[in-house]
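First comes the structure, then the notes that go with it.
Owing to the predicted nature of the structure, the values given are computational and were not obtained by experimental measurement. Worth knowing before you read on, the calculation uses all heavy atoms, side chains too, and leaves out hydrogens, waters and symmetry mates.
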Amino acid sequence: MTNILDFLPEELSKEIQPLFRVKQICQWIYQRYADDFSQMSNLPKDLREKLSKIYHFSPLKCIKQEQSKDSSIKYLFELLDGLRVESVLLPMKEEKFDAEGKRLAHAKFTICVSSQVGCRSGCSFCLTAKGGLKRNLSAGEIVGQILWIKKQHKIPYERRVNIVYMGMGEPLDNLKNVAKAVQILSHNDTLAISPRRQTISTSGLAKQIKELGEMNLGVLLAISLHAVNDELRTQLMPINKAYNIASVIQAVREFPIDMRKRVMFEYLLIDGINDKIEHAKELVRLLNGIKAKVNLILFNPHQGSIYQRPSLENAVKFQDLLSSKGVTCTIRESKGLDISAACGQLKEREGGI
């Protein structure tokens, strides 16, 4: 059977008539979180039976999950072919109530989704890369991660979540399917998650950054930079051999960005490797003229890694230098560290999740 989550509503309308039936189907799947076509009570019985023979909307199943002490939750999903990916739900703000129990603010969530089974970028600090690339995820398999998590936690349709394509895989290495997932997720007849709430993170595929910009999807862009000279970046990220720092920075300068937003630069601080003040000074020079925000991430250790987590003191010194030069900079808290759900720790494993 075919995964119905792989299709935009207008694509489904070529197969399912009349158009209002497509809208009803999408409402049941994306807004009412139906589990089966038989639940779609406002569709004719014969249509429901026909649809159930052609389509399914369960491209994955959760086989294990683990909750962190910071309330982050990591999920291990098994795909229909038996391969596995991980996703993470990150609580960003808790619900707030007044003394009488009236809700003052809703909870806010970010969902970190995978775009590939494994990854071929080969970053030396990342656990996902250790197993290599198995295959790309389809658009529907990407969408399915968000839909399943929203359904599982009863997050109402009208409560928007933020999406970050920062899980397993290099999103721009699967640009076609990631771009379609963005379009499906943002469609008014599905989850209506604005592109401005969706961030695509890349290790720096300059050619694909340009292609993404030409698509003009309206998404936010995050660049995993992690080094300020080509020699060190090539050691950390072999992809730098194909796309050096200069080519990445040039692609970023040409990328269309909402004037209210900034291009995010992820910079993983590794003790004694790239966390010195001279590195911070060079980063300021590199970002000159770019409306940028730098997220400093303290290296998240994992089994077999040769790197060490830097001290918070060094991270603060690095941040202070950038801030003093007018670069917006934050030290990002690594959520889910105790359950190996932080950046660079995801892997398609069952044991030890």
Side-chain angles (χ1 to χ4, degrees), residues 1-9 11-12 22 25-37 39-40 51-52 54-65 73-90 109-119 128 134-157 159-169 171 173-193 195 197-200 219 341 346-348 350 353:
M1 290 194 292
T2 302
N3 180 10
I4 202 169
L5 304 184
D6 277 318
F7 298 94
L8 286 158
E11 292 175 326
L12 287 175
V22 174
I25 293 166
C26 288
Q27 287 173 351
W28 278 105
I29 294 174
Y30 293 102
Q31 301 174 17
R32 300 187 186 183
Y33 301 150
D35 296 312
D36 192 88
F37 286 110
Q39 298 174 354
M40 302 181 184
L51 291 172
S52 66
I54 301 174
Y55 301 106
H56 72 86
F57 44 93
S58 299
L60 43 79
K61 64 178 179 179
C62 183
I63 60 175
K64 190 172 286 189
Q65 68 182 62
I73 304 176
K74 182 173 69 171
Y75 312 90
L76 179 64
F77 289 116
E78 185 171 89
L79 308 171
L80 296 182
D81 60 4
L83 294 176
R84 295 169 177 177
V85 294
E86 291 183 339
S87 308
V88 183
L89 176 67
L90 302 168
F109 300 95
T110 292
I111 300 176
C112 182
V113 298
S114 293
S115 56
Q116 296 179 308
V117 182
C119 184
T128 305
K134 303 292 195 310
R135 70 169 174 85
N136 288 331
L137 295 186
S138 72
E141 289 172 327
I142 297 170
V143 170
Q145 296 170 64
I146 293 102
L147 183 60
W148 189 94
I149 291 171
K150 284 201 73 177
K151 182 190 300 185
Q152 173 72 10
H153 293 278
K154 298 180 173 60
I155 301 173
Y157 158 74
R159 297 269 73 79
R160 304 297 182 251
V161 296
N162 294 320
I163 308 298
V164 289
Y165 299 85
M166 294 181 184
M168 292 169 55
D173 200 22
N174 185 19
L175 178 55
K176 179 181 177 182
N177 291 333
V178 168
K180 189 168 186 182
V182 170
Q183 293 173 311
I184 293 170
L185 290 167
S186 61
H187 200 288
N188 285 335
D189 289 339
T190 62
L191 290 176
I193 300 172
R197 288 183 175 270
Q198 301 187 53
T199 300
I200 294 179
V219 295
L346 299 186
K347 196 176 190 300
E348 69 275 19
E350 181 172 356
I353 181 176

inquiry  = Using the side-chain contact (heavy atoms from CB on, under 4.5 Å) criterion, which residues pair with Arg32? Sequence neighbours excluded.
reply    =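 In terms of side-chain contact (heavy atoms from CB on, under 4.5 Å), with neighbours along the sequence ignored, Arg32 is linked to Trp28.
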
Inter-residue atom distance [X].[atom1] - [Y].[atom2], 0.5 Å rounding:
X: Ser186; Y: Ile163; atom1: OG; atom2: CD1; value: 11.0 Å
X: Leu175; Y: Asn136; atom1: CG; atom2: CG; value: 10.5 Å
X: Leu60; Y: Ser87; atom1: CG; atom2: OG; value: 7.5 Å
X: Leu137; Y: Arg135; atom1: CG; atom2: CZ; value: 6.0 Å
X: Asn162; Y: Leu90; atom1: CG; atom2: CG; value: 10.0 Å
X: Gln198; Y: Ile200; atom1: CD; atom2: CD1; value: 7.5 Å

ask   = By salt bridge (charged side-chain N to carboxylate O under 4.0 Å, His left out), which residues pair with Asp6, not counting sequence neighbours?
value =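 Applying salt bridge (charged side-chain N to carboxylate O under 4.0 Å, His left out) to Asp6 gives none.
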
Do [X] and [Y] have side-chain heavy atoms sitting under 4.5 Å apart?
X: His56; Y: Asn3; result: yes
X: Tyr55; Y: Leu12; result: yes
X: Phe109; Y: Ile149; result: no
X: His153; Y: Ile73; result: yes
X: Thr190; Y: Leu5; result: no
X: Lys64; Y: Arg84; result: no
X: Leu147; Y: Tyr33; result: yes
X: Ile193; Y: Ile146; result: yes

Within residues 143-157 or reaching into it, pairs that qualify as salt bridge (Lys or Arg N to Asp or Glu O under 4.0 Å) - sequence neighbours excluded =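 Every salt bridge (Lys or Arg N to Asp or Glu O under 4.0 Å) pair that includes a residue of residues 143-157, provided the two are not neighbours, is Asp35-Lys151.
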
Taking all non-hydrogen atoms of both residues into account, name the closest pair between [X] and [Y] and its distance.
X: Ala181; Y: Ile142; value: CB-CG2, 3.8 Å
X: Val113; Y: Tyr165; value: CG2-CD2, 3.7 Å
X: Ser115; Y: Gly169; value: OG-C, 4.0 Å
X: Met168; Y: Gly118; value: CE-N, 3.4 Å
X: Asp189; Y: Gln31; value: O-NE2, 3.5 Å
X: Ser138; Y: Asn177; value: CA-ND2, 3.9 Å

request  = Could I get the full list of side-chain hydrogen bond (donor to acceptor under 3.5 Å, both in side chains) partners for Glu11, not counting sequence neighbours?
outcome  = Lys180

message = Taking ring pair (Phe, Tyr, Trp, His ring centres under 6.0 Å) as the definition, give me every residue that meets it alongside Phe57, ordered by chain and number, with sequence neighbours left out.
response = Phe37

request  = Under the ring pair (Phe, Tyr, Trp, His ring centres under 6.0 Å) rule, collect the residues that match up with Trp148, sequence neighbours excluded.
outcome  =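 By the ring pair (Phe, Tyr, Trp, His ring centres under 6.0 Å) rule, Trp148 matches Tyr75, Phe77.
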
key: Main-chain N/O of Gly167 paired to Ser114 side chain as donor or acceptor, under 3.5 Å   = no

